[in-house]
A.B. asks: 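Quick one: this structure, given as structure tokens, is what I'll be asking you about.
The figures here come from the full heavy-atom set of this structure, side chains too, leaving out hydrogens, waters and symmetry mates.
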Amino acid sequence: MHPLLKLVIQRLALGFLLLLVVSAVIFLGVEALPGDTAQAILGQSATPQALANLREQMGLNDPPLTRYFDWLGGVMTGDLGKSLTNGADIAQAIGQRLGNTLFLAACAAVISVPLALILGLIAARYAGKWPDKVISAITLTTISLPEFVAAYFVIYLLTQVIPLFQPVAMVFPGMSFGAKLHAVALPVIVLVMVVLAHMMRMTRAAILNVMQSAYIETAELKGVRPMQIIWRHAFPNAIAPIVSVVVLNLAYLVVGVVVVEVVFGYNALGQFLVDHVTKRDLPVVQAVGLVFAGVYIMLNILADVIAIFANPRLRHPK
Amino acid sequence: MKLTLSATIGICLTALFVLSAIFAPWIAPYPLDLAVGGVWEDPSSQYWLGTDTIGRDILSRLIYGGQITIFVALASSLLAFSLGAFFGFLAAVKGGWTDQILSRIVDMMMAIPSLIVALVILSVLPLNLTVLIFVMGILDSTRVFRLARAVAMDIAVMDYVEAAKLRGEGQGWVIFREILPNALSPLVAEFGLRFIFAVLFISTLSFLGLGIQPPLADWGGMVKENKDGLIYGKAAALMPAAAIAALAISVNLVADWVLGRTTSLKGGRGG
């Protein structure tokens, strides 16, 4: 087998194993915590008989391992069970909302990645001079802000001071693509702010790191213009670390989305999760948690694989 | 050590926040939970930062809220620190199976975003200060573990550690008397970053309604209480938001300065 293919398959298998362990932690770990599902559904005033009946009906008397494998079998076949609070089918509810979450994250990614690369290049080109200092100061500020704080400053600025947008972002099936884009503009601006800083700082650092190589000095001495040096010589060699940081931040984006969705009342998976944590609806929380963990792990593996392709040195482990 | 301008600003602001948290009952002009004015009054000489969604003085609530925010963040980052540093040193000193098991557990914990894990756990456990501190502290200890293990790995091969082992000192002596003092400076810089992370974490949880519960107040919860005012042009929610940002930035400035003077090791913010 081609060695590269083997490495990629290894990573995928590792990721799958990790997801399995995570599913066990999400299910068994939570089971181990104090708390009674039957009590949670029926409330404090339930009679002991009613509790016993419900436990029997839900299979809560089976040993945890049996229930875990039942649950896992269900997850594999797309059956995530029913919500405790309204009895709705969880898989269906997640299906309706996952698309909206991914749409939001994708919009933010499409804007933030090129922007981060360009700003990173500029900061590296003018390292230590004023453009670099301005960019660094701004990114240091945005990196210190939690998503919801950044969100409310943006909301106040763009709906009150300069009224350009609506403070709520709703997306309905059947809305035109343009209307959807307009609806998510504010949350996307916030998400871009939050992930931009980290990506841009790493781009700058990676390029400055390469800039110390001997071949850069040679290029300088033969009179190549600075932007040309960065673009032709430094950037290709800095791609590996940059790509992995970009993908890691996309993974971070998937989580940042949870808070931003709550801020804007955006009807998607993150808000769904927070709602059901508040309602203590455990099956929903476990299922959505697993989906988020799955996407996060997948993106991390993608970062690994891209890094292996971009940097031949990683193909030969010591 | 020479102070830079940004470090001076950072230290002064951080000190201001900490002092006003400690002396909250003496400084705050009004009680925490008393409606003293109208709903969302604008800032005036009577209410310096205006009043909130049910007419409580925002400045007073900010001061008391800072107390809770700083206390919870400090407690959880101290916990993260003790756990992470202890197990990190242990993994580095013992090596072999101990190291393998601890490192794999940490890898696994870091494979899922902490916010998601916290939400799953908090859907089962009661929401009180102890639970919050423990959940946040344990989740965040993974980053300290990695740093502590990396630092201790470098120190564990030093001659003086070898000498201590040869003269027959126990595990505890090697960890606490040989490694700890030499690993302290990079860890102290890291502490600042962990503290910021904890502030952001507890604020986010409270904002989602899953952190500090009323009648206690913290900054994240205050943003949540007052967010609806923004639609009517009332800036009340921005005051606690600005407080979170100012605290995070000022501690960041101090940590950056300490970091710049000690080491290049850094844990990062992460999810």
A.B. asks: What option among Ser6(B), Ser203(B), Ala237(B), Pro240(B) has the most heavy-atom pairs under 4.5 Å with chain A?
C.D. replies: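 Most heavy-atom pairs under 4.5 Å with chain A: Ser203(B).
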A.B. asks: Hey, does Ile116(B) have a side-chain heavy atom less than 4.5 Å from the side chain of Leu273(A)?
C.D. replies: yes
A.B. asks: Side chain, backbone, both or neither: which part of Tyr152(A) has an atom under 4.5 Å from a heavy atom of chain B?
C.D. replies: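 Contact with chain B is through both the backbone and side chain of Tyr152(A).
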A.B. asks: Take atom OH of Tyr68(A) as the centre, draw a 6.0 Å sphere, and report whether it contains more than 12 heavy atoms from other residues, nucleotides or ligands.
C.D. replies: yes
A.B. asks: Taking CZ in Phe87(B) as the centre, count heavy atoms belonging to other residues, nucleotides or ligands within less than 6.0 Å. Is the count above 12?
C.D. replies: no
A.B. asks: Which residues from residues 101-109 of chain B are near chain A, with near meaning under 4.5 Å between non-hydrogen atoms?
C.D. replies: Met108(B)
A.B. asks: What's the spacing between Ser123(B) OG and Lys279(A) NZ if we round to 0.5 Å?
C.D. replies: 13.5 Å
A.B. asks: Listed by residue number, which members of residues 213-225 of chain B have a heavy atom under 4.5 Å from any heavy atom of chain A?
C.D. replies: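 Contacts with chain A: Gly220(B), Val223(B).
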A.B. asks: Is there side-chain contact between Val25(A) and Val117(B), with at least one heavy-atom pair below 4.5 Å?
C.D. replies: no
A.B. asks: Select one option (side chain, backbone, both, neither) describing which atoms of Leu247(B) are under 4.5 Å from chain A's heavy atoms.
C.D. replies: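 When you check distances to chain A, no heavy atom of Leu247(B) falls under 4.5 Å.
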A.B. asks: Taking the inter-plane angle between the rings of Phe148(A) and Phe207(B) on a 0 to 90° scale, is it parallel (under 30°), tilted (30 to 60°) or perpendicular (over 60°)?
C.D. replies: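 Ring orientation of Phe148(A) relative to Phe207(B): parallel.
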A.B. asks: Which is it for Leu119(B) and Val285(A) under the side chain to side chain contact (heavy atoms under 4.5 Å, CB included) test, yes or no, and what are the steps along the way?
C.D. replies: CA-CA 8 Å; Leu119(B) 288 182; Val285(A) 174; 5.6 Å; no
A.B. asks: Working to the nearest 0.5 Å, report the span between CZ of Arg280(A) and CG of Leu122(B).
C.D. replies: 8.0 Å
A.B. asks: Under a 4.5 Å cut-off applied to non-hydrogen side-chain atoms, are Val262(A) and Leu208(B) in contact?
C.D. replies: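 Side-chain contact under 4.5 Å: yes.
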A.B. asks: Give me the one residue out of Ile297(A), Leu18(A), Val21(A), Val22(A) that meets side chain to side chain contact (heavy atoms under 4.5 Å, CB included) with Ile112(B).
C.D. replies: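 In the set Ile297(A), Leu18(A), Val21(A), Val22(A), the residue that makes a side chain to side chain contact (heavy atoms under 4.5 Å, CB included) with Ile112(B) is Val22(A).
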A.B. asks: Could you check whether any side-chain heavy atom of Pro146(A) comes within less than 4.5 Å of a side-chain heavy atom of Ile244(B), counting everything from C-beta outward?
C.D. replies: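 Heavy-atom side-chain distance check passes, below 4.5 Å.
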A.B. asks: Not counting sequence neighbours, which residues clear ring-ring contact (aromatic ring centres under 6.0 Å, His included) with Phe272(A)? List them please.
C.D. replies: His276(A)
A.B. asks: Just to verify, what does Tyr64(B) make a ring-ring contact (aromatic ring centres under 6.0 Å, His included) with, not counting sequence neighbours?
C.D. replies: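 If we apply the ring-ring contact (aromatic ring centres under 6.0 Å, His included) test to Tyr64(B), skipping adjacent residues, there are no hits.
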A.B. asks: Do other residues, nucleotides or ligands put more than 12 heavy atoms under 6.0 Å from Met202(A) CE?
C.D. replies: no
A.B. asks: Within a radius of less than 6.0 Å around CZ of Phe153(A), do more than 12 heavy atoms belonging to other residues, nucleotides or ligands occur?
C.D. replies: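 Check passes, neighbour count above 12.
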